[in-house]
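To start, the structure under review is shown below, and the notes come after it.
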Amino acid sequence: MSITEPFFDKIASTVAPLALFSVGLQLQFKGMRREISQISMTLLYKLMLAPAIVLIAALLLNVKGDIARVSIMEAAMPTLITASMVVQQFRLNTKLINLIIGLGIILSLLTTAIWSYIISIFI
């Protein structure tokens, strides 16, 4: 272990909280109605269709246990900070992605519970 490793560990541990704070500062719900079709389609795919596709694939391929459970739950996780960084880097619609991230986090509290229940039935 080098002498600089603890220093860089401390700096690295601040990245995720700062990224979440940045998204939180940019989150504004006004004007959401104009973007509702894009928001709803994105969240429908990410929170419901993607995990359903993974569940069907796991059932068809007879994948059981932790591998199937983790794969389905990972597919059910909301869009997060990396998407925001890519959108900002290419100067795309940052307001839209921040709304998707903010609403996705809130909705995922419900949808991940639903997927956990579905997994307990099928896997």
Side-chain angles (χ1 to χ4, degrees):
M1 179 159 95
S2 74
I3 194 165
T4 59
E5 192 170 331
F7 172 73
F8 287 116
D9 284 343
K10 296 276 187 200
I11 290 176
S13 68
T14 65
V15 172
L18 286 175
L20 287 171
F21 184 70
S22 170
V23 169
L25 286 176
Q26 297 175 39
L27 186 60
Q28 296 178 358
F29 290 105
K30 65 181 180 186
M32 186 173 77
R33 291 178 195 232
R34 280 182 298 157
E35 312 278 1
I36 198 70
S37 65
Q38 293 172 323
I39 293 169
S40 59
M41 287 304 295
T42 302
L43 292 176
L44 175 69
Y45 170 76
K46 186 63 183 123
L47 300 177
M48 299 306 289
L49 293 178
I53 292 168
V54 175
L55 173 65
I56 292 167
L59 293 173
L60 289 175
L61 298 172
N62 200 26
V63 178
K64 302 272 185 207
D66 288 342
I67 293 173
R69 284 192 286 277
V70 170
S71 298
I72 295 165
M73 288 306 288
E74 279 295 321
M77 292 294 117
T79 303
L80 289 178
I81 306 305
T82 307
S84 177
M85 288 187 236
V86 171
V87 166
Q88 289 175 8
Q89 180 180 359
F90 291 102
R91 292 177 171 75
L92 301 174
N93 192 344
T94 56
K95 182 177 179 181
L96 175 64
I97 194 64
N98 288 324
L99 281 169
I100 289 169
I101 291 169
L103 291 172
I105 291 170
I106 294 167
L107 290 173
S108 71
L109 296 172
L110 174 67
T111 58
T112 53
I114 292 168
W115 281 111
S116 179
Y117 177 73
I118 292 171
I119 290 169
S120 70
I121 295 171
F122 289 104
I123 303 293

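One is the number of the first residue; the rest follow in order along the sequence. The analysis underlying the following values was restricted to heavy atoms, covering all of them including side chains, and did not include hydrogens, waters or symmetry mates. Model, not experiment: these values are computed from the prediction.
Residues Phe122 and Met48 fall within the same hydrophobic cluster, defined by Ile, Leu, Val, Met, Phe, Trp and Tyr side chains chained together at heavy-atom separations under 4.5 Å. Taking hydrophobic clusters as Ile, Leu, Val, Met, Phe, Trp and Tyr residues chained together by side-chain heavy-atom distances below 4.5 Å, Ile56 does not share a cluster with Leu49. Note on Ile3: it does not cluster hydrophobically with Ile11, by side-chain heavy-atom contacts below 4.5 Å among ILVMFWY residues.
In this structure the side chain of Gln88 reaches within 4.5 angstrom of the side chain of Ser84, judged on heavy atoms.
Through direct or indirect side-chain contacts shorter than 4.5 Å among Ile, Leu, Val, Met, Phe, Trp and Tyr, Leu109 is connected to no other residue.
Screening residues 102-123 for side-chain hydrogen bond (donor to acceptor under 3.5 Å, both in side chains), with sequence neighbours left out, gives no hits. For residues 40-49, the set of pairs meeting the salt bridge (charged side-chain N to carboxylate O under 4.0 Å, His left out) definition, not counting sequence neighbours, is empty. Judged as a side-chain hydrogen bond (donor to acceptor under 3.5 Å, both in side chains), the pairs with a partner in residues 50-71 (not counting sequence neighbours) are, in order, Asp66-Arg69.
In terms of the side chain to side chain contact (heavy atoms under 4.5 Å, CB included) criterion, residue partners of Glu35 (sequence neighbours excluded) are, by chain and number, Gln38, Ile39, Asn93, Leu96. Remark: Ile105 pairs with Pro78, Leu80, Ile101 by the side chain to side chain contact (heavy atoms under 4.5 Å, CB included) rule, at least two apart or across chains. With sequence neighbours excluded, the residues that form a side chain to side chain contact (heavy atoms under 4.5 Å, CB included) with Thr4 are Ser2, Phe8. With sequence neighbours excluded, the residues forming a side chain to side chain contact (heavy atoms under 4.5 Å, CB included) with Val63 are Ala58, Leu61, Ile67, Ala68, listed by chain and number.
Interatomic distance, CG of Leu110 versus CG of Leu47, reported as 9.5 Å (0.5 Å rounding). A distance of 4.5 Å separates CD1 in Ile72 from CD1 in Ile123, rounded to the nearest 0.5 Å. Note: Lys95 NZ to Asn98 CG = 10.5 Å, rounded to the nearest 0.5 Å. The distance from atom CG of Leu59 to atom CG of Leu55, rounded to the nearest 0.5 Å, is 4.5 Å. If you take CG on Leu103 and CD1 on Ile36, they are separated by 7.5 Å, rounding to the nearest 0.5 Å.
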side-chain contact (heavy atoms from CB on, under 4.5 Å) between Leu43 and Leu107, worked out: CA-CA 9 Å; Leu43 292 176; Leu107 290 173; 3.8 Å; yes

